[in-house]
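Down below is the structure, laid out as structure tokens.
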2 protein chains.
Amino acid sequence: MLLLKCCQSLTRVGPLKTQRHLRVAPTVAPCAVRLWSSSSEDRRSRESYQRAHSPSWKHVLAGLLAGTGAVLAYGLHHSKAERAATTTVQTIGKVSSVPIFSQEEVTKHRSLEDGVWVTYKGSVYDITEFVAMHPGGDKILLAAGGALEPFWALYAVHSQDHVLDILAEYKVGELSVEDQRKQQAVKSSDPYSSDPDRHPVLRINSLKPFNAEPPPEILSDNYITPSAIFFKRNHLPVPHVDPASYQLQVEGLPGGVLTLSLEDLKTQFPKHTVTATLQCAGNRRSEMNKVKQVKGLNWGIAAISNATWSGARLRDVLLAAGYGPDVARSAHHVQFEGLDKDVTGTTYGASIPLNKAVSEEGDVLLAYEMNGEDLPADHGYPVRVVVPGTVGARNVKWLGKIVVSAEESSSHWQQNDYKGFSPGTDWDTVDFKSAPAIQELPIQSAITQPADGAVVDRSAEEVTVKGYAWSGGGREVVRVDVSLDGGNTWQVAELRSSEKGQAPAPSPPPGRAWAWKLWELTAPLPPKAQELEIICKAVDNSYNMQPDSVAPIWNLRGVLSNAWHRVKVKIKEDEEEE
Amino acid sequence: MLLLKCCQSLTRVGPLKTQRHLRVAPTVAPCAVRLWSSSSEDRRSRESYQRAHSPSWKHVLAGLLAGTGAVLAYGLHHSKAERAATTTVQTIGKVSSVPIFSQEEVTKHRSLEDGVWVTYKGSVYDITEFVAMHPGGDKILLAAGGALEPFWALYAVHSQDHVLDILAEYKVGELSVEDQRKQQAVKSSDPYSSDPDRHPVLRINSLKPFNAEPPPEILSDNYITPSAIFFKRNHLPVPHVDPASYQLQVEGLPGGVLTLSLEDLKTQFPKHTVTATLQCAGNRRSEMNKVKQVKGLNWGIAAISNATWSGARLRDVLLAAGYGPDVARSAHHVQFEGLDKDVTGTTYGASIPLNKAVSEEGDVLLAYEMNGEDLPADHGYPVRVVVPGTVGARNVKWLGKIVVSAEESSSHWQQNDYKGFSPGTDWDTVDFKSAPAIQELPIQSAITQPADGAVVDRSAEEVTVKGYAWSGGGREVVRVDVSLDGGNTWQVAELRSSEKGQAPAPSPPPGRAWAWKLWELTAPLPPKAQELEIICKAVDNSYNMQPDSVAPIWNLRGVLSNAWHRVKVKIKEDEEEE
């Protein structure tokens with residue numbers, strides 16, 4: 001469903017690119033398939049074979065999708081692959097006199113200098129020219145000189161015909177029968193097969209890796225979101241970690257490497273509890289998709305949840321590992337590495353500024369409990385980082401390593417993802433170095449009830465609107481304005497910071513309001529309206545306000561979608577019922 | 001000019017209120033002047049006199065203006081003064097048989113229970129019923145039982161015919177000749193007469209107290225604003241402080257009261273220098289006035305400036321005065337009292353959260369230098385507080401006292417001013433306790449060039465747009481988007497954090513970006529446009545964005561005006577020149 005939507009949009013982008021490449025290489029005609037030569041000279045045959053199999057650029061672009069955490073062809077404009085579009089794709093079966101390569105020969109090609117070759121189902125591909133266009137960025141190089149299968153097993157997005165079409169273009173030969181047999185023996189199993197069971201109410205945005213959100217109306221039922229319906233945002237398969245042998249490494253401090261067991265974390269440091277809301281940078285991305293297609297999971301308004309987290313304070317652990325004011329002179333970041341990894345061993349990673357990590361008021365936890373129980377597998381069992389006030393992506397789960405360093409994490413997710421850009425920036429012009437990695441998130445709110453398109457009976461006389469509001473950086477939500485008439489007039493909603501019926505939680509210290517507020521407004525139905533355009537907008541205690549509309553904050557990655565939230569509700573007049 | 005604008009708006013409000021009061025007291029006719037009685041009975045004569053002189057409510061409302069720091073008739077709905085409107089005002093000269101009171105008698109009336117009497121130019125007024133309507137709030141009680149002259153000398157806004165009209169309504173008699181003579185002897189001189197000279201380029205919003213801003217195009221000429229054109233925002237007359245006898249008191253800490261001379265501040269504590277932008281909460285208020293009249297000085301876009309401040313760190317001074325972690329258990333605020341005071345001795349005051357004051361990263365200064373020189377008189381000589389990232393109002397000038405306390409400052413400016421409200425909140429419904437005092441300000445930007453209404457020649461082929469951008473709380477501006485077509489398309493401006501031609505300043509540590517960025521964009525003139533609607537909007541490193549439009553953030557005090565800034569520019573075609 002998501003992929004389908006993306007393809008639709010990319011099809012729109014397609015023709016432009018097609019034209020461009022046609023301009024650049026006008027001599028290569030759409031009928032290039034007839035130029036194929038059966039020359040026995042390796043190099044020439046490989047090039048000819050490739051040229052013969054150039055697919056439609058529409059297909060290339062449609063294939064430039066990655067399920068998660070990947071960059072869309074940022075290097076498209078760097079591409080040297082200036083070749084013609086063709087509307088027909090030659091199937092592999094029709095090719096004859098294909099060169100045969102040994103695995104040893106393939107393995108020699110594992111860099112841009114030596115060429116980048118890969119194998120897939122017995123065929124050999126020279127994908128050197130595709131590297132710069134790969135949606136997942138440089139990560140494709142990890143497969144260089146080897147088989148694609150284990151990578152594609154990780155990212156289900158590759159299981160599409162378009163992807164095979166693109167690959168076919170780069171075929172240069174076949175793997176020797178002997179080496180094909182060897183490969184069969186090491187084929188990886190589905191790394192997601194042991195992912196935990198999930199609550200059936202979750203709305204799944206991606207199955208592998210698992211990404212899902214609760215229905216909005218259920219989300220705002222609880223001030224503390226039950227763990228089972230807390231939104232899930234995995235970048236990789238859920239790792240299985242044995243708590244008995246679990247080890248956390250802390251590096252980069254004067255004391256050398258500190259290694260802590262789960263037991264150490266629980267017994268050597270005070271247990272600290274924080275109620276904190278986590279939100280995915282892509283929450284409400286679907287609204288940006290309505291303006292213009294963006295890259296990423298099509299989250300609704302519920303990629304946000306609130307839980308109580310307990311664990312050791314990162315500050316305490318860093319102090320135990322030798323952190324002191326001297327360190328701050330050279331180090332500026334704390335990197336986290338997850339134990340979730342792809343087949344090459346590359347782990348999920350992120351970093352936060354050092355001052356947040358060591359601040360007494362930062363409340364950063366190495367959490368081993370969520371809502372009073374061991375962390376669930378989907379939320380980082382046995383230990384995750386909780387960085388209150390900071391985008392979900394930095395709250396690294398299944399934490400394996402902490403590194404205090406001068407530089408930010410070099411991970412894809414820190415460097416080339418989870419950043420915001422101007423609405424005028426597209427994939428041809430984006431420079432990921434020009435924007436800071438998202439840390440604190442801006443003021444946010446949304447309406448969880450009524451749903452868009454709901455019908456209210458006129459006889460009900462009033463309407464109740466509910467939602468959530470939250471701001472990053474510990475900034476407390478101080479007001480939510482609600483409009484029933486598309487923003488002409490506004491009423492102030494009632495805020496709640498505890499479960500319904502419970503006493504209000506005490507006000508958090510300044511700068512440490514980590515948890516959301518739920519809000520509610522019951523107002524009379526406007527006498528003559530046939531439809532209500534309900535809007536909410538929140539204000540935090542730095543008086544930050546949400547922008548009015550989506551288009552001016554649209555960005556190619558679809559992050560930071562925090563415009564006023566709007567739902568339309570129809571009023572059913574009593575006459576209609578009779 | 002400002003007052004004129006305000007009056008226009010208030011006139012619009014007028015009739016509504018008039019009707020209301022007419023409904024409540026319909027028996028008191030507009031011709032009530034004829035009901036005046038010359039009875040010798042004090043009480044009856046006073047009441048009759050008052051009734052006879054009821055002015056137009058339009059005039060009352062027009063008079064409900066205060067120049068600065070005052071609340072607009074928040075108590076209007078509480079008023080018990082339900083009396084009739086009349087379109088003619090009887091002048092004092094026509095009244096005969098007026099009761100005579102001694103000063104001793106007047107002095108007995110200095111509370112709501114005993115009645116609130118004041119004298120002005122020999123007449124006695126019972127203003128009990130006006131107290132709740134006074135734009136300056138309760139402060140009017142400070143004059144109870146005495147003469148108005150010294151108060152009116154403080155606030156030039158009272159020098160208007162409307163104000164005299166209102167006062168006339170409350171006349172109950174005259175002061176004995178003997179007591180009038182005594183008053184002459186103590187008449188205060190103009191407390192503003194010794195205010196410093198100011199730069200003639202400043203645009204004055206209020207002369208007494210002095211409030212002025214530089215022309216926008218001059219503002220963005222310098223990264224560091226020259227002190228002479230740094231916006232001036234005074235609440236009271238500039239006090240004259242002798243540096244030799246200056247004493248700063250620090251109270252509320254275990255060490256007892258610490259008293260520091262200017263020399264102590266300069267020699268006992270390390271000198272710390274911070275470049276920080278200060279912005280008035282009312283900057284860009286004039287744009288809110290265009291939506292609907294608000295209360296306050298009609299600032300343009302230049303109630304913001306950037307300077308280099310040097311002084312002792314507040315943190316260091318508090319530590320020297322006995323601050324320790326124990327204090328934070330009971331104290332949460334640090335109050336500042338200025339040496340600027342009104343005739344009753346009430347000083348300007350404000351407070352900030354304790355954690356900001358004591359944080360190593362808060363950079364709060366007790367500044368004695370601005371741009372490398374002694375503080376100018378208008379900016380707090382000899383010592384002011386500089387609270388980087390925080391609204392101007394908390395950066396108390398002419399600092400006299402620091403109090404570490406459990407509670408916020410009880411000053412008018414902390415409690416009943418400088419707070420934000422929903423656009424749906426009006427002076428009838430506002431509850432100042434419901435909103436937090438403004439501390440950190442939200443993301444802001446504005447276009448300093450071209451000016452609204454400017455004309456660009458088509459032959460110029462391109463247009464250069466300049467402006468400033470800043471965010472509160474140490475959040476760094478990371479991007480400014482500029483649109484030439486009313487927000488349809490956006491371009492990214494170039495940011496600058498040093499004087500033109502100088503090397504860029506090093507990036508500030510996270511959360512300590514206290515200074516603004518100047519920005520600039522030169523873009524081709526759109527080929528067919530006859531007019532450009534130029535817009536800017538900024539983004540800080542928490543990815544906070546400015547709201548699109550003014551109306552939805554309008555608030556009755558006209559603070560926090562940070563919607564996209566828009567200017568319209570006409571393109572003059574070459575044909576027109578011939």
Side-chain angles (χ1 to χ4, degrees), chain A residues 281 325 328 332 353-356 359-361 389 391 419-425 434-436 438-443 471-473 475-476 478-481 483 487-492 509-512 535 537 539-549 551-553 559-560 562-564, chain B residues 281 325 328 332 353-356 359-361 389 391 419-425 434-436 438-443 471-473 475-476 478-481 483 487-492 509-512 535 537 539-549 551-553 559-560 562-564:
Chain A
H332 303 295
L354 178 65
N355 68 336
K356 169 73 176 173
S359 164
E360 287 195 71
E361 300 181 340
V391 63
K419 295 186 170 189
F421 294 95
S422 172
T425 300
S434 70
I438 300 171
Q439 297 285 350
E440 294 180 2
L441 284 170
I443 180 73
S471 189
R475 291 181 283 279
E476 187 175 3
V478 297
R479 200 180 80 233
V480 173
D481 295 332
S483 175
N488 286 323
T489 62
W490 298 90
Q491 300 174 64
V492 178
R512 293 166 84 179
I535 301 180
K537 62 182 175 85
V539 182
D540 69 25
N541 64 351
S542 297
Y543 283 101
N544 286 299
M545 294 170 244
Q546 296 177 247
D548 308 18
S549 49
I553 61 166
V559 290
L560 305 156
N562 75 328
W564 299 354
Chain B
H332 304 295
L354 178 64
N355 68 335
K356 169 74 177 174
S359 163
E360 288 194 70
E361 300 182 339
V391 63
K419 295 184 170 191
F421 295 95
S422 172
T425 299
S434 70
I438 300 171
Q439 296 285 350
E440 293 180 1
L441 285 171
I443 178 75
S471 189
R475 291 180 283 280
E476 185 175 4
V478 297
R479 200 181 79 232
V480 173
D481 295 332
S483 174
N488 286 324
T489 61
W490 298 90
Q491 300 174 65
V492 178
R512 294 166 83 178
I535 302 180
K537 63 182 175 84
V539 182
D540 69 24
N541 65 352
S542 297
Y543 284 100
N544 286 299
M545 294 169 243
Q546 295 178 247
D548 309 18
S549 50
I553 62 166
V559 290
L560 305 158
N562 75 328
W564 299 354

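Counting heavy atoms from C-beta outward, L560(B) and M545(A) have side chains that approach closer than 4.5 Å. No side-chain heavy atom of P436(A) sits under 4.5 Å from any side-chain heavy atom of E476(B).
In this structure, the portions of P552(B) lying under 4.5 Å from any heavy atom of chain A include both its backbone and its side chain. Within the 4.5 angstrom heavy-atom criterion, only side-chain atoms of N562(B), from C-beta onward, approach chain A. For T489(B), no part lies under 4.5 angstrom from a heavy atom of chain A. Interface residue N544(B): backbone and side-chain heavy atoms are both found under 4.5 Å from chain A. Heavy-atom distances place no part of A563(B) under 4.5 Å from chain A, backbone and side chain included. Neither the backbone nor the side chain of K356(B) comes within less than 4.5 Å of any heavy atom of chain A. For I438(B), the parts lying near chain A are the backbone and the side chain together; criterion is any non-hydrogen pair under 4.5 Å. With a threshold of 4.5 angstrom between heavy atoms, E361(A) approaches chain B through side-chain atoms but not through N, CA, C or O.
For the set P353(A), P423(A), G424(A), the entry with the most heavy-atom pairs within less than 4.5 Å of chain B is P423(A).
Residues P547(A) and Q546(B) come closest through the heavy atom pair CB-O, 4.0 Å.
Between the side chain of Y543(B) and the main chain of G420(A), a donor-acceptor pair closer than 3.5 Å is present.
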